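Some notes on the structure that comes next.
In this chain, numbering begins with 1 at the start of the sequence shown. Just so it is clear, the structure is predicted and the values come from calculations on it, not from any experiment.
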Amino acid sequence: SDQQVEIVHLKTASRHLRGIAQFRKGGKADTGDKFARGFFANRGLETIRRAKQIEARLEHVMTDEHIDKPRDNWQMKLEFSPSGASGRDVLVMEHLSVGYGERVLLRDLTHTLRFGARAALVGANGAGKTTLLRTITGMIEPLGGSVRLGSQVHAGIMAQEQEDLNPALTPLETIQRQAVFSETAARTFLHQFLFSGDDVFLPVGSLSYGERARLSLACLVAQGCNFLMLDEPLNHLDIPSRARFEQALGQFEGTVLAVVHDRYFIEGFASEIWQLDGDRLIFRSLN
């Protein structure tokens, strides 16, 4: 792991500095020249000080950071209330109508999305899929009916082009701005989303579409979202990138509503289908 590599490097550096700080009889610090003795003795003290700093860092890595495990946010689960099944309601729509102004795109939607569901929202472009997601998150007011999130549900939406990512930051810096992580914890967390080694230090602007998609997903989970809404997350991704995105998404144990068109992704991902039919949605369980 990254932590084990750091420990090896720290131990090597400490031994090296301790070695060069030793003053054997007859060396430059062991001389009758007062200037030389003072100069090289001071250098030896500085080297020892650096060695002690490295040893202190080593002790921290092997104790505090070893104990301070990364938060298991990517495995977050809802803590349901004693009321039983009602606590498993993540999203409840009752006769919901959505759209802009006086234009209704979808109407009379009544459905309950349960915890752990993987819903695929499918249909033609411009039919109202993104509008529905924005209405669920509260970005757009419903035109009729009601929509509400269940108890302890924290929803997050992943935009199509990942425009919320700062291209000047690295994945490591991006994640550390989402939650309180040590560097070791942040790198371990990012590893769950297939960022390893020096990948975490690359500028976001240099990442591929697939890498940015995985980073956007990681940001939502780091924020504590347990209900993810993904707006065409497979856009611009080739087949290997899609497979890696699916692998990263598989680490998440909450609820997902995804706008997707890829039939193979739907077959491996979805537990239910939300199919657009004119201005209505047909809800179909695959279980």
Side-chain angles (χ1 to χ4, degrees), residues 90-114 117-149 153 155-165 167 207-217 219-220 225 227-239 241-246 248-249 252 254-286:
V90 172
L91 170 67
V92 179
M93 299 180 292
E94 296 180 344
H95 305 291
L96 175 67
S97 294
V98 303
Y100 292 96
E102 297 182 356
R103 184 188 178 194
V104 178
L105 296 175
L106 299 171
R107 67 178 71 244
D108 199 29
L109 309 181
T110 297
H111 185 69
T112 298
L113 186 67
R114 301 285 185 168
R118 297 287 197 269
L121 176 56
V122 299
N125 290 331
K129 299 187 298 297
T130 298
T131 303
L132 175 59
L133 296 188
R134 292 176 177 173
T135 303
I136 292 171
T137 60
M139 297 169 64
I140 300 175
E141 289 293 323
L143 298 185
S146 66
V147 58
R148 64 177 175 85
L149 298 178
V153 174
I157 186 169
M158 179 176 142
Q160 292 185 27
E161 303 297 333
Q162 300 95 43
E163 57 263 27
D164 294 336
L165 297 176
L207 299 180
S208 68
Y209 282 112
E211 289 167 333
R212 292 203 296 271
R214 297 200 311 272
L215 182 57
S216 292
L217 180 63
C219 287
L220 292 177
C225 297
F227 175 31
L228 304 183
M229 284 173 282
L230 313 179
D231 193 358
E232 302 202 35
L234 304 181
N235 270 7
H236 314 298
L237 304 189
D238 57 20
I239 292 176
S241 296
R242 292 182 183 204
R244 289 173 68 81
F245 182 83
E246 289 183 58
L249 185 60
F252 180 70
T255 307
V256 182
L257 171 60
V259 176
V260 287
H261 302 285
D262 186 274
R263 178 168 59 88
Y264 296 102
F265 177 81
I266 293 172
E267 288 177 354
F269 159 81
S271 62
E272 59 185 78
I273 302 290
W274 295 13
Q275 174 72 54
L276 282 167
D277 181 18
D279 60 0
R280 303 297 176 101
L281 274 180
I282 299 173
F283 302 97
R284 180 163 54 94
S285 175
L286 299 180

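- Among residues two or more places apart in sequence or in another chain, the side-chain hydrogen bond (donor to acceptor under 3.5 Å, both in side chains) test is passed with Thr110 by none.
- Under the salt bridge (Lys or Arg N to Asp or Glu O under 4.0 Å) criterion, no residue pair touches residues 117-145, with sequence neighbours excluded.
- For the pair Val256 and Leu249, the tightest heavy-atom approach, listed with the atom from each and the gap, is CG2-CD1, 4.3 Å.
- Minimum interatomic distance between Pro233 and Ala213 (heavy atoms only, all atoms of both residues): O-CB, 4.2 Å.
- Under the salt bridge (Lys or Arg N to Asp or Glu O under 4.0 Å) criterion, Asp238 pairs with no residue at all, not counting sequence neighbours.
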(message) Between Arg242 and Glu246, does the salt bridge (charged side-chain N to carboxylate O under 4.0 Å, His left out) criterion hold? Intermediate values first, please.
(response) CA-CA 6 Å; Arg242 292 182 183 204; Glu246 289 183 58; over 6 Å; no

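- Closest approach of Leu96 and Ser146 over heavy atoms only: CB-O, 3.8 Å.
- When the side-chain contact (heavy atoms from CB on, under 4.5 Å) test is applied to Leu143, the partners found at least two apart in sequence or on another chain are Ser97, Val104.
- Judged as a side-chain hydrogen bond (donor to acceptor under 3.5 Å, both in side chains), and not counting sequence neighbours, Arg244 has no contacts.
- Residue-environment remark: CZ (Arg284) stays at or below the threshold of 12 foreign heavy atoms within 6.0 Å.
- By the 30° and 60° cut-offs, the orientation of the rings of Phe265 relative to Phe245 is tilted.
- The minimum heavy-atom distance between Leu286 and Ala270, with the atom names listed, is CD1-O, 3.5 Å.
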(message) side-chain contact (heavy atoms from CB on, under 4.5 Å), that's the test. Do Leu149 and Leu91 meet it? Break it down for me.
(response) CA-CA 5 Å; Leu149 298 178; Leu91 170 67; 4.0 Å; yes

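- A 4.5 Å side-chain heavy-atom check between His261 and Asn125 finds at least one atom pair inside the cut-off.
- For the residue pair Phe269 and Ala119, the shortest heavy atom distance occurs at CE2-O, 3.8 Å.
- Note that the CG atom of Leu215 and the CE atom of Met158 stand 9.5 Å from one another [nearest 0.5 Å].
- The shortest distance between side-chain heavy atoms of Leu113 and Trp274 falls below 4.5 Å.
- With contacts defined as side-chain heavy-atom distances shorter than 4.5 Å, the pair Leu106/Thr131 does not qualify.
- Here the CG-CG distance, from Asp262 to Leu234, works out to 6.0 Å after rounding to the nearest 0.5 Å.
- When the side-chain contact (heavy atoms from CB on, under 4.5 Å) test is applied to Arg148, the partners found at least two apart in sequence or on another chain are Val92.
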(message) Please evaluate residues Arg107 and Arg280 with respect to the criterion side-chain contact (heavy atoms from CB on, under 4.5 Å), reporting the C-alpha separation (whole Å), side-chain torsions for both, the decisive distance (0.1 Å), and the verdict.
(response) CA-CA 6 Å; Arg107 67 178 71 244; Arg280 303 297 176 101; 3.3 Å; yes

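- Interatomic distance, CG of Asp108 versus CE of Met93, reported as 11.0 Å (0.5 Å rounding).
- You'll find the side chain of Leu165 stays beyond 4.5 Å of the side chain of Leu207, heavy atoms only.
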(request) Assess whether side-chain contact (heavy atoms from CB on, under 4.5 Å) is satisfied between Leu281 and Leu276, documenting all intermediate values. (result) CA-CA 5 Å; Leu281 274 180; Leu276 282 167; 3.5 Å; yes

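- Contact check for Thr137 versus Leu133: no side-chain heavy atoms found under the 4.5 Å cut-off.
- Within 6.0 Å of atom OH in Tyr100, more than 12 heavy atoms from other residues, nucleotides or ligands are found, so the atom counts as buried in its surroundings.
- In this structure, the side chains of Leu132 and Leu105 stay at 4.5 Å or more apart for every pair of heavy atoms.
- The shortest side-chain heavy-atom distance between Ile136 and Phe227 falls under the 4.5 Å cut-off.
- Taking every heavy atom of both residues into account, Thr130 and Asp231 meet most closely at OG1-OD2, 2.8 Å.
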(message) Pair Ile140, Val98 - check side-chain contact (heavy atoms from CB on, under 4.5 Å), show working.
(response) CA-CA 8 Å; Ile140 300 175; Val98 303; over 6 Å; no

